[in-house]
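Throughout, residue positions are numbered sequentially from 1 according to the sequence presented.
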Amino acid sequence: MSTQVTYYSYGGKTRVIALDVAAKLQAGCEEIADTKRPGLLRAYTAGIMAAVRGKPWPIKPVFTAASACERVILLSPVWAGNPPPAVHAALALLPEGKSVAVKMVSASGKSKCRAAVERAVATRGCVLESFEDIKA
């Protein structure tokens, strides 16, 4: 099954894990990038509020190579138990009909967003293959 690894990383931990996953699977790897990267203060204030509310922020084009793949592995940090705004935006842009594996990366190894992520994936006509919390 052809696979595309797509990730968002604010501090770098998720990037390291995503690159490792992509290397092990010999898969393509693509970063979700904010149109305008928020500074630390904005990320930890407005960013966390947007994450909790499930609100997206503008991102650069993503999933450019995923249309040719059958599976997308999406890696995301956890902001206040949820995906950050850039990941909310990316979830809304998932290519239709893909199998999606989601890996949420945090210091605690716990998130509280499986149901919301599953709804977002289903809205795009995709199937949530797996959901995993990773302690990093």
Minimum heavy-atom separation for [X] and [Y], please, with both atom names.
X	Y	value
Cys29	Leu19	SG-CD2, 3.8 Å
Arg124	Leu93	NE-C, 4.1 Å
Arg71	Ala101	NH2-CB, 4.3 Å
Cys113	Met104	SG-CE, 3.8 Å
Tyr8	Asp34	OH-OD2, 2.7 Å
Cys126	Pro95	SG-O, 3.1 Å

Donor-acceptor list for residues 36-54 side chains, cut-off 3.5 Å, not counting sequence neighbours:
residue: Arg37; atom: NH2; partner: Tyr10; partner atom: O; Å: 2.6
residue: Thr45; atom: OG1; partner: Leu41; partner atom: O; Å: 2.7

Mind checking what makes side chain to side chain donor-acceptor pair (under 3.5 Å) contact with [X], not counting sequence neighbours?
X	result
Ser99	Glu129
Lys24	Asp20
Ser111	Asp133

Could you tell me which residues satisfy salt bridge (charged side-chain N to carboxylate O under 4.0 Å, His left out) with Glu30, sequence neighbours excluded, listed by chain and number?
-> none

Using modelled atom types and a 3.5 Å cut-off, is there a donor and acceptor pairing between side-chain atoms of [X] and backbone atoms of [Y]?
X	Y	value
Glu70	Ser2	yes
Ser9	Arg15	yes
His88	Trp57	no

For Ile134, the rest of its hydrophobic cluster, which grows through side-chain links under 4.5 angstrom | Val5, Tyr7, Ile17, Val21, Leu25, Ile73, Leu75, Val105

Would you give the length of the straight line joining atom [atom1] of [X] to atom [atom2] of [Y], rounded to the nearest 0.5 angstrom?
X	Y	atom1	atom2	answer
Lys135	Ser108	NZ	OG	8.0 Å
Leu128	Arg119	CG	CZ	12.0 Å
Ile32	Leu74	CD1	CG	5.0 Å

Is any side-chain heavy atom of [X] less than 4.5 Å from a side-chain heavy atom of [Y]?
X	Y	answer
Ser76	Pro83	yes
Thr14	Pro77	yes
Val127	Val121	no

Residue that, paired with Leu94, satisfies side-chain contact (heavy atoms from CB on, under 4.5 Å) out of Thr6, Thr123, Val100 = Val100

